[in-house]
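This report refers to the structure that appears directly beneath it.
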Amino acid sequence: MVRMSVLADALKTLNNAEKAGKRQVLIRPCSKVIVKYLQVMQKHGYIGEFEIVDDHRSGKVVIDLIGRINKCGVISPRFDLKIGQIEQWTNNLLPSRQFGYIVMTTSLGIMDHEEARRKSTGGKILGFFY
């Protein structure tokens, strides 16, 4: 079976491991986008440490789970997001205003919607987690 989206596969694996109550999860293949996405999740305390294993192929990531993820997913296709539309997307995707983040890729790098709003930049939507 051909993988259409490596990021979608990774987030689905992460979600399933979290639901099953696992302490660690192995994700392969690995990409730069996945690593940046995981860094955003780690910055907000949704996952613990993660380690990138270089196997001279596409790489693997071992992630320590701390049981905070309720759901994470990919938005496909990657819609364009202007600064004014961020509020509308957060209302549609996230359960409440208090928690959850939309991850987007901007010209300044991959970041969550709050950081993008602070830096007043738009971009394309990658996914969400809460």
Side-chain angles (χ1 to χ4, degrees):
M1 187 76 189
V2 179
R3 287 180 195 239
M4 293 302 180
S5 170
V6 178
L7 181 64
D9 269 5
L11 293 183
K12 185 57 80 176
T13 307
L14 196 67
N15 221 6
N16 291 342
E18 188 76 67
K19 282 181 185 165
K22 301 272 192 270
R23 305 305 310 150
Q24 276 191 334
V25 61
L26 175 75
I27 288 177
R28 51 169 280 273
C30 174
S31 72
K32 289 183 202 170
V33 175
I34 291 175
V35 172
K36 294 285 186 193
Y37 199 104
L38 292 174
Q39 283 172 348
V40 172
M41 291 177 86
Q42 186 180 33
K43 186 176 80 175
H44 294 294
Y46 279 81
I47 59 173
E49 296 294 316
F50 64 90
E51 181 184 357
I52 299 157
V53 181
D54 181 28
D55 58 355
H56 298 299
R57 289 178 189 80
S58 54
K60 298 175 184 165
V61 185
V62 178
I63 305 168
D64 293 334
L65 300 176
I66 54 176
R68 275 207 57 200
I69 301 171
N70 295 317
K71 188 168 187 185
C72 58
V74 168
I75 302 300
S76 179
R78 295 179 176 173
F79 291 107
D80 289 330
L81 233 66
K82 296 189 177 97
I83 306 167
Q85 295 175 319
I86 292 176
E87 186 69 33
Q88 180 185 348
W89 276 90
T90 52
N91 289 343
N92 289 343
L93 289 174
L94 303 178
S96 82
R97 285 173 172 236
Q98 281 82 25
F99 68 99
Y101 296 94
I102 290 178
V103 181
M104 45 196 295
T105 174
T106 67
S107 54
L108 303 174
I110 292 176
M111 59 185 74
D112 61 84
H113 70 279
E114 291 176 355
E115 190 180 344
R117 196 181 280 145
R118 277 196 300 274
K119 293 182 177 177
S120 69
T121 180
K124 290 188 179 291
I125 187 167
L126 281 179
F128 62 92
F129 61 90
Y130 54 84

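With sequence neighbours excluded, the residues forming a side chain to side chain donor-acceptor pair (under 3.5 Å) with Asp80 are Lys124, listed by chain and number. Take Lys43 and apply the side chain to side chain donor-acceptor pair (under 3.5 Å) test, not counting sequence neighbours, and it matches Glu115. Phe99 pairs by the ring pair (Phe, Tyr, Trp, His ring centres under 6.0 Å) definition with nothing, not counting sequence neighbours.
Residue pairs meeting the salt bridge (Lys or Arg N to Asp or Glu O under 4.0 Å) criterion with at least one partner in residues 26-41, sequence neighbours excluded, are absent. Among residues at least two apart or in separate chains, side-chain hydrogen bond (donor to acceptor under 3.5 Å, both in side chains) pairs with a member in residues 93-107 are His44-Tyr101, Glu87-Arg97, Ser96-Gln98. Applying the side-chain hydrogen bond (donor to acceptor under 3.5 Å, both in side chains) definition to pairs two or more places apart or across chains, those involving residues 54-79 are Gln24-Asp64. The ring pair (Phe, Tyr, Trp, His ring centres under 6.0 Å) contacts involving residues 19-38 comprise nothing, where partners must be two or more places apart or lie in separate chains. Within the structure, salt bridge (Lys or Arg N to Asp or Glu O under 4.0 Å) contacts touching residues 101-111 (residues at least two apart or in different chains) do not occur. For residues 60-86, the ring pair (Phe, Tyr, Trp, His ring centres under 6.0 Å) pairs, not counting sequence neighbours, are Phe79-Trp89.
Here Met111 is tied into one hydrophobic group with Leu108, each link being a pair of ILVMFWY side chains closer than 4.5 Å. The hydrophobic cluster containing Ile66, built from Ile/Leu/Val/Met/Phe/Trp/Tyr side-chain heavy atoms closer than 4.5 Å, comprises no other residue.
In this structure, the side chain of Gln85 engages the main chain of Lys82 through a donor-acceptor pair within 3.5 Å.
With a 4.5 Å cut-off on side-chain heavy atoms, Leu93 and His113 do not count as touching. Ile69 is listed as a side-chain neighbour of Met41, based on a closest heavy-atom distance under 4.5 Å. Looking only at side-chain heavy atoms (C-beta outward), Leu11 and Phe129 stay at 4.5 Å or farther from each other.
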If you apply the rule side-chain contact (heavy atoms from CB on, under 4.5 Å), what do you find for Phe50 with Val35, and how did you get there? CA-CA 9 Å; Phe50 64 90; Val35 172; 4.2 Å; yes
Show your working on side-chain contact (heavy atoms from CB on, under 4.5 Å) between Ile102 and Ile86 and close with a plain yes or no. CA-CA 9 Å; Ile102 290 178; Ile86 292 176; 5.8 Å; no
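With hydrophobic clusters built from ILVMFWY side chains whose heavy atoms lie under 4.5 angstrom apart, Leu38 shares a cluster with Ile52. By the criterion of side-chain heavy atoms lying less than 4.5 angstrom apart, applied directly or through intervening Ile, Leu, Val, Met, Phe, Trp or Tyr residues, Val53 is grouped together with Leu26 in one hydrophobic cluster.
Residue Ile75 holds its CD1 atom at 10.0 Å from CG of Leu126, rounded to the nearest 0.5 Å. Note that OG of Ser31 and CG of Leu7 are 6.5 Å apart. Values are rounded to the nearest 0.5 Å.
Listed here is the closest heavy atom pair of Ala116 and Met104: CB-SD, 3.9 Å. Across every non-hydrogen atom of Pro29 and Val6, the tightest pair is O-CG1, 3.6 Å.
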Report, one line per pair, each donor and acceptor closer than 3.5 Å where one atom sits in a side chain of residues 12-20; sequence neighbours left out.
unit_1	atom_1	unit_2	atom_2	d
Thr13	OG1	Asp9	O	2.7
Asn16	ND2	Lys12	O	3.4
Glu18	OE2	Gly67	N	3.2

